[in-house]
Peer 1: 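Please read through the structure below; I'll follow up with questions.
A quick note: this is a predicted structure, and the numbers were derived from the prediction, not measured. We count ligands from 1, going down the list as the structure has it; atoms in each ligand are counted the same way.
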Amino acid sequence: MKIKVKNSGIVKLTVRKDRRRGDLFVAESMKNIPFPIKRVYSVNNLKDSSVVRGQHAHKKTKQVIFCANGSFKLSLDDGKRKQEILLDTHAFGIILGPRLWHAMSGFSKDCVIVVFASEHYNEKDYIRSYEDFLKIVKKHEQRK
Ligand code: TYD
């Protein structure tokens, strides 16, 4: 799999497989997670597969999203390119960098999402309007 959108990437976890004792996955700050982790959150109980979560971007916060169990579809949009990724393994996660619009959908009933974030929760860091998102991306491009 190749990431086509900007401000994203793949993070591989260290895996210790054990057929009898279960599989161990390890994520370490500044080793495979490319930032100091300030917050970890998880989503489960995704009973309604028609639900769409996310649908926002961040101004500053960097995150890495994992599927710890089951599967879901991750939709990414950097303002120019779009990409859909089926996450159905714990073994790798996807970087959600700043100014990357993301949505999660198509959840399996047993789906568990785990996210590592570079910042504490701050509603002011969210871009929740797609129109504003496109404006911010454009402004950022002009600054370069
Ligand atoms: P929301 O942004 O809708 O979640 P998602 O991006 O997964 O669809 O967040 C749901 C609610 O939880 C919203 O009121 C904000 C709050 N929240 C926190 O208080 N702390 C957090 O770390 C996160 C991610 C959300």
Side-chain angles (χ1 to χ4, degrees), residues 1-17 22-144:
M1 201 235 321
K2 226 181 142 189
I3 299 289
K4 291 184 276 180
V5 290
K6 276 189 194 163
N7 300 342
S8 187
I10 298 171
V11 167
K12 277 194 191 147
L13 289 192
T14 309
V15 184
R16 298 261 175 274
K17 286 208 173 226
D23 300 335
L24 173 73
F25 295 83
V26 186
E28 288 180 288
S29 187
M30 301 308 286
K31 286 193 178 171
N32 39 15
I33 305 295
F35 49 78
I37 298 163
K38 278 200 184 163
R39 177 167 54 109
V40 178
Y41 62 92
S42 164
V43 184
N44 66 0
N45 260 325
L46 288 146
K47 288 180 191 135
D48 183 352
S49 62
S50 70
V51 149
V52 181
R53 295 199 63 120
Q55 293 184 296
H56 61 249
H58 288 278
K59 292 174 191 162
K60 184 176 161 206
T61 303
K62 295 173 206 145
Q63 303 187 98
V64 184
I65 187 164
F66 290 94
C67 184
N69 197 54
S71 64
F72 69 95
K73 185 176 80 180
L74 178 66
S75 305
L76 302 175
D77 177 351
D78 65 13
K80 284 202 170 133
R81 280 169 175 254
K82 293 182 190 192
Q83 183 169 10
E84 286 188 351
I85 297 165
L86 175 73
L87 274 181
D88 61 355
T89 168
H90 202 172
F92 69 86
I94 303 296
I95 298 173
L96 305 173
R99 300 176 307 283
L100 182 62
W101 191 266
H102 53 277
M104 295 79 86
S105 62
F107 307 103
S108 65
K109 282 203 168 60
D110 58 352
C111 179
V112 178
I113 302 173
V114 176
V115 183
F116 298 97
S118 67
E119 308 298 329
H120 293 137
Y121 173 71
N122 176 8
E123 188 56 41
K124 287 197 188 115
D125 190 63
Y126 280 73
I127 310 163
R128 291 201 186 267
S129 142
Y130 190 72
E131 228 186 310
D132 290 350
F133 162 69
L134 292 179
K135 278 186 204 156
I136 288 167
V137 169
K138 220 175 182 183
K139 227 185 216 172
H140 190 266
E141 296 254 298
Q142 283 165 353
R143 264 202 277 152
K144 278 196 283 183

Peer 1: Considering only heavy atoms from C-beta outward, does the side chain of L76 approach that of I85 to under 4.5 Å?
Peer 2: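 L76 reaches I85 side chain to side chain.
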Peer 1: Can you report which non-hydrogen protein atom sits closest to atom 25 (C) of ligand 1, along with the distance?
Peer 2: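 Here the nearest protein heavy atom works out to Y121 CE1, 3.8 Å.
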Peer 1: So which heavy atom on I95 is nearest to which on L100, and how close?
Peer 2: O-CD2, 3.9 Å
Peer 1: Has the side chain of D77 got a donor or acceptor atom that lies under 3.5 Å from a matching backbone atom of W101?
Peer 2: no
Peer 1: With a heavy-atom distance limit of 4.0 Å, tell me whether R128 approaches ligand 1 through its side chain, its backbone, both, or neither.
Peer 2: side chain
Peer 1: Compute the ring centroids of F66 and F116, then answer whether they are less than 6.0 Å apart.
Peer 2: yes
Peer 1: Any nitrogen or oxygen of G54 lying under 3.5 Å from a nitrogen or oxygen in ligand 1? Just yes or no.
Peer 2: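 Between G54 and ligand 1 (N or O atoms, distance only) the closest approach is under 3.5 Å.
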Peer 1: Between H102 and H58, does a side chain to side chain contact (heavy atoms under 4.5 Å, CB included) hold up when you go through it step by step?
Peer 2: CA-CA 10 Å; H102 53 277; H58 288 278; 4.0 Å; yes
Peer 1: Considering E123, H120, R39, H56 one by one, which has a heavy atom nearer to atom 6 (O) of ligand 1 than any of the others?
Peer 2: H56
Peer 1: Please indicate whether any nitrogen or oxygen in Y41 is less than 3.5 Å from any nitrogen or oxygen in ligand 1.
Peer 2: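 No.
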Peer 1: Flag the pair K17 and D23 as a salt bridge only when some basic side-chain nitrogen lies within less than 4.0 angstrom of an acidic carboxylate oxygen.
Peer 2: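 Yes.
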Peer 1: Below 4.0 angstrom, counting only protein heavy atoms, does anything approach atom 15 (C) of ligand 1?
Peer 2: yes
Peer 1: Is there at least one protein heavy-atom neighbour under 4.0 Å from atom 12 (O) of ligand 1?
Peer 2: no
Peer 1: Look at atom 7 (O) of ligand 1 and say which protein heavy atom is nearest, naming residue and atom and giving the distance to 0.1 Å.
Peer 2: R53 NE, 2.9 Å
